Amino acid sequence: MKQADLLYTGKAKSVYRTDDPDVYIMKFRDDITAFDGEKKDTLSGKGRYNAEVSTFIFRYLEEHGVKTHYLESIEPGVIAVRNLEMIPLEVIVRNVAAGSIVRKYPFREGEPLDPPVIVIDYKSDAHHDPMLNDDLIYALGLATPEELDQIKAMALTINELLSDYLDLRGITLVDFKMEFGRYNGEIVLGDEISMDSMRLWDKETGTSLDKDVYRYNKGDVMETYADVAKRILSPP
Ligand code: 5GP
(Lines give C-alpha, C1' and ligand atoms only; values in the text may rest on other atoms or scores of the structure.)
Protein backbone atom coordinates (compact mmCIF):
# COMPACT_ATOMS: atom_id res chain seq x y z
CA MET A 1 0.00 0.00 0.00
CA LYS A 2 1.44 3.36 -1.07
CA GLN A 3 0.72 6.74 0.52
CA ALA A 4 -0.81 9.20 -1.97
CA ASP A 5 -2.11 12.77 -1.63
CA LEU A 6 -3.24 14.52 1.53
CA LEU A 7 -7.01 14.21 1.92
CA TYR A 8 -7.66 16.13 5.10
CA THR A 9 -5.73 17.84 7.84
CA GLY A 10 -7.34 18.42 11.22
CA LYS A 11 -6.06 20.01 14.43
CA ALA A 12 -3.96 16.99 15.45
CA LYS A 13 -4.09 14.42 12.66
CA SER A 14 -3.65 14.29 8.88
CA VAL A 15 -5.31 11.75 6.60
CA TYR A 16 -3.78 10.60 3.30
CA ARG A 17 -5.22 8.57 0.45
CA THR A 18 -3.42 5.40 -0.64
CA ASP A 19 -3.35 3.43 -3.88
CA ASP A 20 -6.23 1.39 -2.38
CA PRO A 21 -9.43 3.53 -2.36
CA ASP A 22 -10.65 1.57 0.64
CA VAL A 23 -7.62 2.38 2.80
CA TYR A 24 -6.41 5.66 4.26
CA ILE A 25 -3.27 6.51 6.21
CA MET A 26 -3.76 8.48 9.40
CA LYS A 27 -0.83 10.44 10.86
CA PHE A 28 -1.02 11.56 14.48
CA ARG A 29 0.84 14.86 14.59
CA ASP A 30 2.57 16.47 17.57
CA ASP A 31 0.20 19.45 17.46
CA ILE A 32 -2.07 19.95 20.44
CA THR A 33 -4.92 22.45 20.67
CA ALA A 34 -7.59 23.39 23.20
CA PHE A 35 -10.49 25.81 23.64
CA ASP A 36 -11.69 25.65 20.03
CA GLY A 37 -8.14 26.09 18.72
CA GLU A 38 -7.39 29.19 20.81
CA LYS A 39 -4.52 27.47 22.65
CA LYS A 40 -2.01 25.69 20.37
CA ASP A 41 1.37 24.04 20.79
CA THR A 42 3.57 21.36 19.31
CA LEU A 43 4.83 18.75 21.75
CA SER A 44 7.45 16.40 20.40
CA GLY A 45 6.36 12.74 20.71
CA LYS A 46 2.68 13.43 21.47
CA GLY A 47 1.46 11.97 18.18
CA ARG A 48 3.32 8.75 18.78
CA TYR A 49 1.78 8.22 22.23
CA ASN A 50 -1.75 8.95 21.00
CA ALA A 51 -1.30 6.58 18.03
CA GLU A 52 0.07 3.87 20.33
CA VAL A 53 -2.84 4.16 22.78
CA SER A 54 -5.47 4.43 20.01
CA THR A 55 -4.05 1.36 18.27
CA PHE A 56 -4.05 -0.60 21.50
CA ILE A 57 -7.64 0.41 22.31
CA PHE A 58 -8.90 -0.31 18.77
CA ARG A 59 -7.36 -3.79 18.92
CA TYR A 60 -8.84 -4.42 22.36
CA LEU A 61 -12.28 -3.29 21.18
CA GLU A 62 -12.06 -5.45 18.02
CA GLU A 63 -11.19 -8.46 20.21
CA HIS A 64 -14.43 -7.74 22.07
CA GLY A 65 -16.58 -7.57 18.93
CA VAL A 66 -16.58 -3.80 18.29
CA LYS A 67 -16.04 -2.84 14.63
CA THR A 68 -13.38 -0.14 14.22
CA HIS A 69 -11.61 1.50 11.27
CA TYR A 70 -8.19 0.27 12.43
CA LEU A 71 -6.26 -1.92 9.96
CA GLU A 72 -2.57 -1.89 10.86
CA SER A 73 0.26 0.15 12.33
CA ILE A 74 2.74 1.40 9.77
CA GLU A 75 5.35 3.20 11.86
CA PRO A 76 5.27 5.07 15.18
CA GLY A 77 2.48 7.67 14.95
CA VAL A 78 1.09 6.32 11.67
CA ILE A 79 -1.72 3.80 11.14
CA ALA A 80 -3.71 2.44 8.20
CA VAL A 81 -7.47 2.69 8.53
CA ARG A 82 -10.56 1.79 6.53
CA ASN A 83 -12.05 4.60 4.46
CA LEU A 84 -15.29 5.30 6.36
CA GLU A 85 -18.01 7.73 5.34
CA MET A 86 -17.64 9.82 8.50
CA ILE A 87 -20.70 11.07 10.39
CA PRO A 88 -19.99 14.58 11.80
CA LEU A 89 -21.03 13.79 15.37
CA GLU A 90 -18.91 13.91 18.53
CA VAL A 91 -20.41 11.20 20.69
CA ILE A 92 -19.39 11.75 24.31
CA VAL A 93 -20.08 9.29 27.12
CA ARG A 94 -19.83 10.67 30.63
CA ASN A 95 -19.44 8.51 33.76
CA VAL A 96 -18.51 11.34 36.13
CA ALA A 97 -19.49 15.01 35.88
CA ALA A 98 -16.57 17.16 34.68
CA GLY A 99 -15.66 19.68 32.01
CA SER A 100 -18.37 21.38 29.97
CA ILE A 101 -21.38 19.78 31.67
CA VAL A 102 -20.27 21.20 35.02
CA ARG A 103 -19.96 24.64 33.44
CA LYS A 104 -23.36 24.40 31.69
CA TYR A 105 -25.54 22.47 34.17
CA PRO A 106 -25.87 22.23 37.95
CA PHE A 107 -23.65 19.16 38.35
CA ARG A 108 -20.91 19.00 40.96
CA GLU A 109 -17.43 18.21 39.56
CA GLY A 110 -16.73 14.55 40.38
CA GLU A 111 -20.40 13.56 40.82
CA PRO A 112 -20.95 10.02 39.48
CA LEU A 113 -23.37 9.76 36.55
CA ASP A 114 -25.12 6.41 36.78
CA PRO A 115 -26.36 5.44 34.24
CA PRO A 116 -23.74 7.12 32.06
CA VAL A 117 -24.86 10.21 30.14
CA ILE A 118 -24.47 10.39 26.36
CA VAL A 119 -24.01 13.88 24.92
CA ILE A 120 -23.78 14.37 21.15
CA ASP A 121 -22.21 17.48 19.63
CA TYR A 122 -22.22 18.57 15.99
CA LYS A 123 -18.63 18.32 14.71
CA SER A 124 -18.38 21.68 13.01
CA ASP A 125 -15.63 24.22 13.69
CA ALA A 126 -17.74 26.87 11.90
CA HIS A 127 -20.56 26.35 14.42
CA HIS A 128 -18.28 25.68 17.45
CA ASP A 129 -19.49 22.09 17.97
CA PRO A 130 -22.99 22.83 19.39
CA MET A 131 -24.83 20.15 21.34
CA LEU A 132 -27.50 18.30 19.31
CA ASN A 133 -30.57 16.31 20.21
CA ASP A 134 -32.08 13.38 18.30
CA ASP A 135 -34.57 15.56 16.38
CA LEU A 136 -31.82 17.96 15.26
CA ILE A 137 -29.71 15.00 14.10
CA TYR A 138 -32.61 13.73 11.95
CA ALA A 139 -33.58 17.23 10.71
CA LEU A 140 -29.97 17.90 9.67
CA GLY A 141 -29.91 14.51 7.91
CA LEU A 142 -26.83 13.45 9.87
CA ALA A 143 -28.07 9.96 10.82
CA THR A 144 -31.25 7.89 10.65
CA PRO A 145 -33.06 6.82 13.83
CA GLU A 146 -31.75 3.25 13.30
CA GLU A 147 -28.19 4.53 12.90
CA LEU A 148 -28.44 6.75 15.96
CA ASP A 149 -29.77 3.85 18.06
CA GLN A 150 -26.83 1.77 16.91
CA ILE A 151 -24.33 4.56 17.60
CA LYS A 152 -25.65 5.02 21.15
CA ALA A 153 -25.63 1.26 21.83
CA MET A 154 -22.05 0.98 20.53
CA ALA A 155 -20.98 4.01 22.57
CA LEU A 156 -22.28 2.40 25.76
CA THR A 157 -20.66 -0.97 24.97
CA ILE A 158 -17.32 0.74 24.27
CA ASN A 159 -17.70 2.73 27.50
CA GLU A 160 -18.19 -0.47 29.54
CA LEU A 161 -15.25 -2.23 27.92
CA LEU A 162 -12.91 0.74 28.36
CA SER A 163 -14.08 1.66 31.87
CA ASP A 164 -13.45 -1.91 33.08
CA TYR A 165 -10.07 -2.08 31.36
CA LEU A 166 -8.87 1.25 32.77
CA ASP A 167 -10.31 0.59 36.23
CA LEU A 168 -8.02 -2.46 36.55
CA ARG A 169 -5.11 -0.10 35.88
CA GLY A 170 -6.17 2.37 38.57
CA ILE A 171 -7.68 4.87 36.12
CA THR A 172 -11.23 6.29 36.12
CA LEU A 173 -12.70 6.89 32.67
CA VAL A 174 -14.47 10.16 33.50
CA ASP A 175 -15.67 10.78 29.93
CA PHE A 176 -14.51 10.36 26.35
CA LYS A 177 -15.40 11.33 22.80
CA MET A 178 -15.95 9.00 19.86
CA GLU A 179 -16.62 9.50 16.16
CA PHE A 180 -18.37 6.97 13.95
CA GLY A 181 -18.70 6.36 10.23
CA ARG A 182 -20.40 4.07 7.73
CA TYR A 183 -18.64 1.18 6.04
CA ASN A 184 -20.52 -1.28 3.81
CA GLY A 185 -23.80 -0.28 5.45
CA GLU A 186 -22.50 -0.76 8.99
CA ILE A 187 -21.67 1.71 11.75
CA VAL A 188 -17.94 1.56 12.57
CA LEU A 189 -15.86 3.39 15.20
CA GLY A 190 -13.42 5.84 13.59
CA ASP A 191 -11.05 8.68 14.53
CA GLU A 192 -8.99 8.06 17.69
CA ILE A 193 -9.37 7.16 21.33
CA SER A 194 -6.42 8.67 23.13
CA MET A 195 -5.35 11.02 25.90
CA ASP A 196 -6.58 13.85 23.65
CA SER A 197 -10.13 12.48 23.57
CA MET A 198 -10.56 10.81 26.98
CA ARG A 199 -10.78 12.46 30.40
CA LEU A 200 -8.88 10.18 32.79
CA TRP A 201 -8.36 10.55 36.53
CA ASP A 202 -6.02 8.55 38.72
CA LYS A 203 -8.34 6.49 40.95
CA GLU A 204 -6.29 7.12 44.10
CA THR A 205 -5.11 10.70 43.77
CA GLY A 206 -7.73 12.13 41.38
CA THR A 207 -4.99 13.74 39.28
CA SER A 208 -5.62 14.33 35.57
CA LEU A 209 -3.95 11.92 33.17
CA ASP A 210 -5.08 13.49 29.88
CA LYS A 211 -5.34 16.67 27.81
CA ASP A 212 -6.71 18.58 30.82
CA VAL A 213 -3.04 18.75 31.93
CA TYR A 214 -2.47 20.84 28.79
CA ARG A 215 -5.80 22.73 28.89
CA TYR A 216 -5.38 23.90 32.49
CA ASN A 217 -1.55 23.91 32.85
CA LYS A 218 -1.69 21.12 35.43
CA GLY A 219 1.84 19.80 34.86
CA ASP A 220 4.17 18.30 32.29
CA VAL A 221 1.96 17.14 29.40
CA MET A 222 4.48 14.80 27.77
CA GLU A 223 5.46 13.19 31.07
CA THR A 224 1.76 12.55 31.74
CA TYR A 225 1.12 11.14 28.24
CA ALA A 226 4.18 8.87 28.48
CA ASP A 227 3.14 7.57 31.93
CA VAL A 228 -0.48 6.98 31.04
CA ALA A 229 0.43 5.25 27.75
CA LYS A 230 2.66 2.90 29.74
CA ARG A 231 -0.11 2.20 32.26
CA ILE A 232 -2.69 1.54 29.53
CA LEU A 233 -0.40 -0.78 27.58
CA SER A 234 0.75 -2.77 30.64
CA PRO A 235 -0.99 -5.70 32.34
CA PRO A 236 -2.85 -4.70 35.54
P1 5GP B 1 -16.11 18.49 27.42
O2 5GP B 1 -17.47 18.56 26.79
O3 5GP B 1 -16.17 18.34 28.90
O4 5GP B 1 -15.21 19.62 26.96
O5 5GP B 1 -15.43 17.17 26.83
C6 5GP B 1 -15.91 15.89 27.14
C7 5GP B 1 -14.95 14.84 26.66
O8 5GP B 1 -14.94 14.78 25.24
C9 5GP B 1 -13.48 15.08 27.07
O10 5GP B 1 -12.89 13.83 27.35
C11 5GP B 1 -12.85 15.72 25.85
O12 5GP B 1 -11.49 15.41 25.76
C13 5GP B 1 -13.64 15.09 24.72
N14 5GP B 1 -13.86 16.04 23.62
C15 5GP B 1 -14.88 16.93 23.48
N16 5GP B 1 -14.74 17.65 22.35
C17 5GP B 1 -13.63 17.21 21.76
C18 5GP B 1 -12.94 17.57 20.54
O19 5GP B 1 -13.36 18.44 19.76
N20 5GP B 1 -11.78 16.89 20.29
C21 5GP B 1 -11.30 15.93 21.11
N22 5GP B 1 -10.14 15.30 20.79
N23 5GP B 1 -11.92 15.56 22.23
C24 5GP B 1 -13.06 16.19 22.57
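Since the structure is predicted, the reported quantities are computational estimates derived from the model, not experimental observations. For the numbers below, each heavy atom of this structure counts, side chains included, while hydrogens, waters and symmetry mates do not. In each ligand, atom 1 is the first atom listed, and ligand 1 is the first ligand listed.
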Legend entry - Atom indices of ligand 1 within 4.0 angstrom of Glu90 heavy atoms, with elements: 16 (N), 17 (C), 18 (C), 19 (O)
Legend entry - Arg59 (side chain) donor-acceptor with Glu63 (main chain) under 3.5 angstrom: no
Inset, instruction - Among all protein heavy atoms, pick out the one at the shortest distance from atom 10 (O) of ligand 1; state its residue, atom name and that distance to 0.1 Å. - result: Asp175 OD1, 2.6 Å
Inset, instruction - Give the residue and atom name of whichever protein heavy atom lies nearest to atom 15 (C) of ligand 1, and the separation in Å to one decimal. - result: Ile92 CD1, 4.0 Å
Legend entry - Top protein contact for atom 11 (C) of ligand 1, by heavy-atom distance: Arg215 NH2, 3.6 Å
Inset, instruction - Would you tell me which option among Gly99, Ser197, Ser100 has the nearest heavy-atom contact to atom 1 (P) of ligand 1? - result: Ser100
Inset, instruction - Please identify which atoms of ligand 1 are closer than 4.0 Å to at least one heavy atom of Asp129. - result: 19 (O)
Inset, instruction - From the options Arg94, Lys177, Arg103, select the one whose nearest heavy atom is closest to atom 20 (N) of ligand 1. - result: Lys177
Legend entry - Evaluation steps, salt bridge (Lys or Arg N to Asp or Glu O under 4.0 Å), between Asp30 and Lys46: CA-CA 5 Å; Asp30 288 341; Lys46 191 212 71 148; over 6 Å; no
Legend entry - Test applied, side chain to side chain contact (heavy atoms under 4.5 Å, CB included); reference residue, Ile158; option that passes from Thr68, Val66, Ile57: Val66
Inset, instruction - Going by the salt bridge (Lys or Arg N to Asp or Glu O under 4.0 Å) test, name the single residue among Asp196, Asp125, Asp129 that passes it with Lys11. - result: Asp125
Inset, instruction - Using heavy-atom distances, let me know which of Met198, Arg199, Met131 sits nearest atom 5 (O) of ligand 1. - result: Arg199
Inset, instruction - Taking atom CD of Glu72 as the centre, report whether more than 12 heavy atoms of other residues, nucleotides or ligands fall under 6.0 Å from it. - result: yes
Legend entry - Asn95 (side chain) donor-acceptor with Asp175 (main chain) under 3.5 angstrom: no
Legend entry - Heavy atom of the protein closest to atom 22 (N) of ligand 1 (residue, atom name, distance): Asp196 O, 3.2 Å
Legend entry - Glu192 heavy atom under 4.0 Å from ligand 1: no
Inset, instruction - Go through the side-chain N and O atoms of Asp22 and Tyr183 and say whether any donor and acceptor fall under 3.5 Å apart. - result: yes
